[in-house]
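One structure below.
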Amino acid sequence: MRYPHPLSLTAGAAGHGQPMSLLSLKFSQALAHGRRSAPLPDTRERLLVSLLKKRATAQSIGAEDLEAILRDQIKWSMPTMDAEGAREVVS
């Protein structure tokens with residue numbers, strides 16, 4: 001994709017006629033397209049894998065608060081069994 005020269009553009013939204021920087025142009029285009037969200041995991045196992053990877057990353061960078069939040073989410077997403085241990089109970 002080819003972008004026009006940043007000095008040829010004016011800040012139309014601001015209305016001041018000042019040239020937009022290339023960074024401003026890319027930022028406004030990104031906002032216009034919206035944020036793409038990652039697809040939701042389709043199984044509990046994939047959800048757990050995703051949460052475990054995120055927790056490991058949080059632990060490796062020392063983000064203790066984030067790691068605690070993820071630990072709680074992992075506990076919440078774990079399957080549970082009924083008294084006989086026969087089937088998964090969805091809570």
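Computed from a prediction, not measured in an experiment: that's the story for all the values here.
Among residue pairs with one or both ends in residues 59-69, those qualifying as salt bridge (Lys or Arg N to Asp or Glu O under 4.0 Å) are Arg55-Glu67, Glu67-Arg71; sequence neighbours excluded.
When the side chain to side chain contact (heavy atoms under 4.5 Å, CB included) test is applied to Ile69, the partners found at least two apart in sequence or on another chain are Gln73. Every residue meeting the side-chain hydrogen bond (donor to acceptor under 3.5 Å, both in side chains) condition with Asp42, not counting sequence neighbours, appears here in chain and number order: Arg46.
Put simply, Leu47 and Val49 are part of two different groups of oily side chains (I, L, V, M, F, W, Y) that touch within less than 4.5 Å, one to the next.
Separation of atoms CD1 (Ile74) and NZ (Lys54) is listed at 10.5 Å; rounding is to 0.5 Å. Rounded to the nearest 0.5 Å, atoms OG1 (Thr43) and CG (Leu48) are 8.5 Å apart. To the nearest 0.5 angstrom, Leu70 atom CG is 10.0 Å from Ser77 atom OG.
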